[in-house]
Amino acid sequence: MHTTVGIIGGGPSGLLLARLLHRAGIASVVLERHDRAYVEQRQRAGILEQSTVDVLRHCGAGRRLDAEGLVHDGVELRFAGRRHRVDFPALTGGKRVTVYAQTEVVKDLVALQLAEGDPLLFEAEVHAVEGVDGDRPVIRYTREGRESTLTCDYVVGCDGYHGVARRAVPDGASTTHERTYPYSWLGILAQAPPAHEELVYAHSGRGFALASMRSPEVSRLYLQVPNGTDPADWPDERVWDELDARLALNAEPGAALVRGPVTQKSVLPMRSSVTEPMRFGRLFLAGDAAHIVPPTGAKGLNLAAADVVILARALSHWSTTGSAELLDSYSDTCLRRVWRAEHFSYFMTTTLHVDPDQSSFETRLQLSQLERITSSPHAAAELAENYCGLSL
Ligand code: RFL
Ligand code: PHB
């Protein structure tokens with residue numbers, strides 16, 4: 001089999017790239033190792049920047065997003081017994097974000113691709129990418145027990161942090177910059193109304209907590225926990241008690257979350273990582289295959305979308321003019337946005353979490369920084385602009 005663009009991975013970046021290429025009249029094949037149900041049910045991101053919403057609408061995936069997405073004009077910060085709202089439109093000249101789960105984005109893109117796109121092959125596991133420094137790279141994959149090859153003009157690794165695409169780059173041709181954190185998140189999905197009408201990011205001496213949502217009936221809640229935590233050590237009542245303790249305000253003693261059945265529970269490690277450049281020969285990396293952010297800034301899915309918009313534009317320019325100019329600048333163009341989001345995600349993470357080794361001095365610095373955000377419109381605008389994202 002031959003195609004113009006071979007895409008490894010059917011997560012949000014691979015699916016959106018395939019959709020954008022289809023609209024530009026460029027042939028592609030997506031190879032995804034898991035089955036459709038698995039990809040559609042994987043619980044992950046929840047916040048879409050305006051530019052991500054715009055691109056989904058533009059490529060025909062906006063109908064359910066417009067009907068079911070919840071537009072949010074701000075977030076609440078809770079710390080030292082206080083609450084403070086960061087008003088996005090007022091601080092950014094009108095920007096806002098949309099709560100719409102990654103599971104739903106993926107369902108919408110899969111349905112479109114299967115109905116009218118190029119091939120999207122589930123249960124197709126890629127094990128090698130060869131010849132990316134030549135003219136005709138080859139992807140080797142296994143499907144239904146049979147080994148097959150896909151030759152392409154270009155290969156795009158949209159295969160996440162543990163994918164195979166990055167391994168096709170020879171040693172020494174790229175650099176990975178990485179940081180790990182001394183804590184993880186315990187996340188639950190619960191059949192319970194959201195804690196508040198907007199997201200709540202809470203700093204507390206007991207550790208960070210985040211109250212998010214999926215719909216007016218479904219909450220998504222997170223707690224900072226030590227690395228290596230076993231979810232089995234956190235029965236539902238313990239999770240709810242700890243959320244109440246961390247999200248509570250001195251001003252509202254006894255205020256408690258409305259509890260409901262917990263339908264999903266998992267522990268996620270936190271990591272920052274960037275591999276650069278994001279291109280080697282005819283191989284391009286996009287989304288989590290190239291960079292990871294800790295989820296505190298809600299940037300991962302949005303960065304993945306930005307990468308593939310930039311790449312689809314570059315491939316379309318190459319296809320219509322024969323010029324590789326935009327393909328050559330792909331990595332630099334993406335990395336400017338990537339490093340900004342890396343800094344913001346690191347800032348949100350280290351300002352809101354409790355490092356088990358941190359001193360009282362460092363805790364006072366965190367509180368001073370949060371206090372600054374609540375008292376200076378400039379500091380609040382810096383948070384709001386980064387949270388709502390750069391224009392594409
Ligand atoms: P994905 O989603 O990891 O998809 C990669 C796909 O590649 C497939 N694959 C292979 N297929 C074939 N052959 C192989 N050898 C393969 N190896 C891998 C995998 O099966 C998979 O389907 O990467 P992608 O598409 O780049 O998308 C990135 C996003 O998923 C990720 O950045 C976000 O979920 C991050 N994130 C958030 N981002 C936001 O923008 N806003 C948020 O609010 C937000 N919250 C979150 C998050 C991530 C979280 N976790 C689980 C780390 C909250 C959490 C808890
Ligand atoms: C989510 O709803 O899953 C979510 C929201 C905001 C974050 C991270 C995750 O910063």
Side-chain angles (χ1 to χ4, degrees), residues 1-36 39 109-110 112-114 116-160 162-171 173-174 275 277-290 304 307-308 310-331 334:
M1 189 161 50
H2 177 83
T3 190
T4 310
V5 182
I7 301 173
I8 310 172
S13 54
L15 293 167
L16 182 57
L17 177 62
R19 182 70 192 155
L20 293 168
L21 293 178
H22 175 69
R23 290 179 71 92
I26 299 173
S28 72
V29 173
V30 179
L31 302 169
E32 165 57 48
R33 70 174 348 156
H34 289 293
D35 64 17
R36 179 177 181 178
V39 169
L109 290 170
V110 165
L112 279 171
Q113 192 67 13
L114 293 177
E116 55 186 55
D118 287 318
L120 160 58
L121 307 182
F122 289 105
E123 298 178 82
E125 166 120 29
V126 173
H127 40 87
V129 183
E130 294 164 3
V132 290
D133 47 356
D135 284 345
R136 197 44 57 116
V138 178
I139 302 176
R140 298 192 184 281
Y141 67 99
T142 305
R143 188 160 186 252
E144 291 166 352
R146 281 214 323 273
E147 290 219 2
S148 305
T149 55
L150 174 66
T151 60
C152 342
D153 294 325
Y154 291 103
V155 177
V156 187
C158 293
D159 49 351
H162 299 287
V164 294
R166 236 170 348 135
R167 287 188 244 138
V169 179
D171 285 346
S174 72
T275 296
M278 289 167 58
R279 177 211 183 156
F280 178 76
R282 287 179 174 260
L283 170 68
F284 294 85
L285 300 176
D288 280 15
D307 287 353
V308 299
I310 292 163
L311 185 55
R313 273 186 203 147
L315 286 164
S316 173
H317 185 68
W318 161 77
S319 156
T320 49
T321 67
S323 160
E325 186 191 352
L326 295 185
L327 291 172
D328 292 341
S329 58
Y330 167 75
S331 179
C334 291

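Remember, predicted model here, so these are calculated numbers, not experimental data.
- Thr142 is linked by a side chain to side chain contact (heavy atoms under 4.5 Å, CB included) to His127, Glu147, counting only residues two or more places apart in sequence or in another chain.
- Counting only residues at least two apart or in different chains, salt bridge (charged side-chain N to carboxylate O under 4.0 Å, His left out) contacts with residues 6-23 comprise Arg19-Glu116.
- The CD1 atom of Ile26 sits 4.0 Å away from the OG atom of Ser319 when rounded to the nearest 0.5 Å.
- The salt bridge (charged side-chain N to carboxylate O under 4.0 Å, His left out) check on Asp153 picks up Arg136, with sequence neighbours excluded.
- Contact between Tyr141 and Val126 at its shortest, heavy atoms only, is CB-CA, 3.8 Å.
- Residues Leu20 and Ala312 share a closest heavy-atom pair of CB-CB, 3.7 Å.
- Side-chain contact between Ile139 and Cys152 is present, with heavy atoms from C-beta onward closer than 4.5 Å.
- Among residue pairs with one or both ends in residues 311-330, those qualifying as ring-ring contact (aromatic ring centres under 6.0 Å, His included) are Tyr154-Trp318, Phe284-Tyr330; sequence neighbours excluded.
- Considering every non-hydrogen atom in both Pro12 and Leu109, the closest pair reads O-CD1, 4.3 Å.
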Stepwise side-chain contact (heavy atoms from CB on, under 4.5 Å) test for Arg166 and Thr275: CA-CA 9 Å; Arg166 236 170 348 135; Thr275 296; 3.5 Å; yes
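- The OG1 atom of Thr3 sits 9.0 Å away from atom CG of Leu21, with the distance rounded to the nearest 0.5 Å.
- Between the Glu144 side chain and the Arg146 main chain, no donor and acceptor come within less than 3.5 Å of each other.
- Taking CZ of Arg167 as the start and NE2 of His162 as the end, the distance is 10.5 Å to the nearest 0.5 Å.
- Not counting sequence neighbours, the partners of His2 by the side chain to side chain donor-acceptor pair (under 3.5 Å) test are Thr151.
- Using a 4.5 Å heavy-atom cutoff, the side chains of Leu121 and Arg143 are in contact.
- Between Leu150 and Leu31, some side-chain heavy-atom pair lies under the 4.5 Å cut-off.
- Scored by the side chain to side chain donor-acceptor pair (under 3.5 Å) test, Arg140 finds Glu130 as partners (sequence neighbours excluded).
- A donor-acceptor pair under 3.5 Å is formed between the side chain of Ser331 and the backbone N or O of Met278.
- Closest of all the heavy-atom pairs between Ile7 and Gly14 is CG2-CA, 3.7 Å.
- For Asp35, the side chain to side chain contact (heavy atoms under 4.5 Å, CB included) partners at least two apart in sequence or on another chain are Ala37, Tyr38, Glu123.
- Remark: Cys158 SG to Leu285 CG distance equals 9.0 Å, nearest 0.5 Å.
- Rounding to the nearest 0.5 Å places CD1 of Ile310 at 12.5 Å from CG of Leu315.
- Partners of Asp328 by side chain to side chain donor-acceptor pair (under 3.5 Å), not counting sequence neighbours, listed by chain and number: Arg279.
- Minimum interatomic distance between Ala286 and Val308 (heavy atoms only, all atoms of both residues): CB-CG1, 4.0 Å.
- The list of salt bridge (charged side-chain N to carboxylate O under 4.0 Å, His left out) pairs with a residue in residues 310-322, not counting sequence neighbours, is empty.
- Between Asp133 and Leu283 there is no side-chain heavy-atom pair separated by less than 4.5 Å.
- Between Gln113 and Ala18, the closest heavy-atom pair is NE2-CB, 3.6 Å.
- A heavy-atom distance below 4.5 Å is not found between the side chains of Val129 and Val138.
- Remark: Val110 engages Leu15, Arg36, Glu40, Val106, Leu114, Leu120, Phe122 in a side chain to side chain contact (heavy atoms under 4.5 Å, CB included) (not counting sequence neighbours).
- Thr320 places a side-chain N or O within 3.5 Å of a backbone atom of Ser316 that can act as its donor or acceptor partner.
- To the nearest 0.5 angstrom, His22 atom NE2 is 9.0 Å from Ser28 atom OG.
- With sequence neighbours left out, the side chain to side chain donor-acceptor pair (under 3.5 Å) criterion links Ser329 to no other residue.
- Asp159 is linked by a side chain to side chain contact (heavy atoms under 4.5 Å, CB included) to Ile8, Val164, Ala165, Ala289, counting only residues two or more places apart in sequence or in another chain.
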